[in-house]
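Side chains included, hydrogens not; waters and symmetry mates left out as well; all remaining heavy atoms used. Chain A is the first sequence line, chain B the second, and so forth, proteins listed ahead of strands; every chain is numbered from 1.
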Number of protein chains: 2
Amino acid sequence: MEREEVNIQFSKSTDYALHALIHLAHSEHRHNIGIKELSATLGVSESYLSKVMSKLRRDGIVRAVPGVNGGYELARPAEQITFLEVIQVIEGRQQLFECSTLNSQQHRLLAEEGAAERDRDCQGKSECLVKKVMDGAEEHLYQYLREHTIQSVLDEAFQR
Amino acid sequence: MEREEVNIQFSKSTDYALHALIHLAHSEHRHNIGIKELSATLGVSESYLSKVMSKLRRDGIVRAVPGVNGGYELARPAEQITFLEVIQVIEGRQQLFECSTLNSQQHRLLAEEGAAERDRDCQGKSECLVKKVMDGAEEHLYQYLREHTIQSVLDEAFQR
DNA sequence: TTATTATGGACATCAAAGGTCCATAATAAA
DNA sequence: TTTATTATGGACCTTTGATGTCCATAATAA
């Protein structure tokens, strides 16, 4: 009874990624910020942060150059990098909610009231009533995360 | 490279809980729906669904009575049971986002611009710029989930 | 009293998060 | 062209939590 279960939460990797990108954006006059500086700034190991940065690179959010004076920089203007995009790159693109129950429950409901012509499958189709609400919630959340960018955070930091 | 990582997602338990509650609400003329009927309806094992139902009972969402003809029923009207409440009971009440990075990043930003009088801690305080956005996202999501209840889903099922 | 139903503890399994280490590739500077 | 430096990716490890089963016990109505 010591620990409550933990579940619906963004991963630490997402945290690292967002903070790293903000640091890059804030240092844009300089070029090629190395993993050493990034990991020291965030207080995270170089080896782990490297993995996160590699993902960001593979998805075209940052550019990376090896070698002396190498490092990372944003691949695009900070106002074109949304929170949603970063989160999806790191967390993957699965949906907030997947229906795992049988097709029985909600379809019995529908069938009994004479809407029996609908599909018979609850797995991911739009027929599941619970999923319908959750999909709405997801779109709601995503819309918010689309409206916030790396740049908008910087703007806010400088009280405007 | 076969499986993409899976992360930010509601658990199956939440799925089970929501579907079970809808079934209870839809059967409110009858009383005490047993775990047998519930598990058969959802296509889930009795033993596992029991755990989920116990959680719902401990948090006052359903009532349970053991013994012959025992079972579960809603402890409150279906319009007073929100999606958010169910989710929080099952998933726990941690936040969508916890800041894991050092206090350095965002405070260096603030400090450089002369806002140095703020706290020095990024762990969960409102000072972290990333966390501020994520908290906003969370509140956005929660507001939506508060507006949807077990009853509202039933209403929708009966096309009104 | 008895059959029935819910409860909770103890386990088991499995996948994913989080993290480390190292060999290799790439690059710029010397 | 070497060399020092930096990123990359594979292999591996540990911990945690989700999912699930089983069983003994408690509670309850018939």
task = Report which part of the nucleic acid B/Gly70 touches: base, sugar-phosphate, or nothing (heavy-atom distance under 4.0 Å, all strands).
result = sugar-phosphate

key: d(CG, A/Leu49; P, C/dA17) in whole Å   = 17 Å

ask   = Out of A/Thr41, A/Ile150, A/Leu18, which residue meets the side-chain contact (heavy atoms from CB on, under 4.5 Å) rule with A/His23?
value = A/Thr41

query = With pairs taken as Watson-Crick or G-U wobble and both distances under 3.5 angstrom, which stems of at least three consecutive pairs involve DNA chain D?
reply = C:1-30 with D:1-30

message = List the residues meeting side chain to side chain contact (heavy atoms under 4.5 Å, CB included) with A/Glu147, not counting sequence neighbours, and say none if there are none.
response = A/Gln143

note = Sequence neighbours excluded, the answer for side-chain hydrogen bond (donor to acceptor under 3.5 Å, both in side chains) partners of A/Glu139 is A/Arg146

query = Looking only at side-chain N and O atoms, does B/Ser54 come under 4.0 Å of OP1 or OP2 in C/dT7?
reply = yes

inquiry  = When you compare the side chain of B/Met134 with that of B/Cys128, does any pair of heavy atoms fall below 4.5 Å?
reply    = no

ask   = Sequence neighbours excluded, which residues qualify as side chain to side chain contact (heavy atoms under 4.5 Å, CB included) partners of A/Thr82?
value = A/Leu84, A/Glu85, A/Thr149

ask   = Relative to the 5' end of DNA chain D, which residue comes earlier, A/Gly34 or B/Val68, by the nucleotide with the nearest heavy atom?
value = A/Gly34

request  = Go through the structure and list residues passing side chain to side chain contact (heavy atoms under 4.5 Å, CB included) with A/Gln80, not counting sequence neighbours.
outcome  = A/Arg76, A/Pro77

N/O contacts under 3.5 Å, protein versus nucleotides 11-13 of chain C?
none

Counting only pairs under 3.5 Å, give me each side-chain donor-acceptor contact of residues 56-74 of chain B, with atom names and distances, residues two or more places apart or in other chains.
unit_1  : atom_1 : unit_2  : atom_2 : d
B/Glu73 : OE1    : B/His31 : ND1    : 2.7

task = Give the rounded distance in Å between these two atoms: NE2 of A/His31 and P of C/dA28.
result = 14 Å

query = Atom NZ of B/Lys36 and atom C1' of C/dT5: how far apart are they, to the nearest Å?
reply = 8 Å

query = Does anything in residues 11-25 of chain A pair up under salt bridge (charged side-chain N to carboxylate O under 4.0 Å, His left out), and if so which pairs, sequence neighbours excluded?
reply = none

key: Any A/Arg58 side-chain nitrogen or oxygen under 4.0 Å from OP1 or OP2 of D/dG9   = yes

query = Given the rule in the salt bridge (charged side-chain N to carboxylate O under 4.0 Å, His left out) test, do A/Glu37 and A/Arg30 qualify, once you have shown the distances and angles that lead to the verdict?
reply = CA-CA 13 Å; A/Glu37 174 173 335; A/Arg30 303 189 282 145; 2.6 Å; yes

task = Measure from CG on A/Asp59 to P on D/dT8 and round the result to the nearest Å.
result = 13 Å

task = Apply side-chain hydrogen bond (donor to acceptor under 3.5 Å, both in side chains) to B/Gln88 and list each qualifying residue two or more places apart in sequence or on a separate chain.
result = none

inquiry  = Can you measure A/Lys55 atom NZ to D/dG10 atom P for me and round it to whole angstrom units?
reply    = 13 Å

query = Could you give the CG-to-C1' distance, from A/Asp15 to C/dG18, as a whole number of Å?
reply = 13 Å

task = Please determine if a side-chain N or O atom of A/Arg57 lies less than 4.0 Å away from the OP1 or OP2 oxygen of D/dT6.
result = no

query = Which part of the nucleic acid, if any, lies within reach of B/Arg63 when heavy atoms closer than 4.0 Å are counted: base, sugar-phosphate only, or nothing?
reply = nothing

inquiry  = Rounded to whole Å, please give me the gap between CG in A/Asn69 and C1' in C/dT27.
reply    = 10 Å

inquiry  = Rounded to whole Å, please give me the gap between OH in B/Tyr72 and P in D/dT28.
reply    = 14 Å

inquiry  = Counting only side-chain nitrogens and oxygens, does B/Ser13 get under 4.0 Å of the OP1 or OP2 atom of D/dT19?
reply    = yes

ask   = Which residues satisfy the salt bridge (charged side-chain N to carboxylate O under 4.0 Å, His left out) test with A/Glu28, sequence neighbours excluded?
value = none

query = A/Ser11 side chain N/O closer than 4.0 Å to the phosphate oxygens (OP1, OP2) of C/dG18?
reply = yes

Which pairs, protein N/O on one side and nucleotides 20-25 of chain D N/O on the other, fall under 3.5 Å?
unit_1 : atom_1 : unit_2  : atom_2 : d
D/dG20 : OP2    : B/Tyr16 : OH     : 3.1
D/dT21 : OP2    : B/Ser45 : OG     : 2.4

task = Identify, with sequence neighbours excluded, every residue that meets side chain to side chain contact (heavy atoms under 4.5 Å, CB included) alongside B/Ala137.
result = A/Leu141, A/Tyr144, A/Leu145

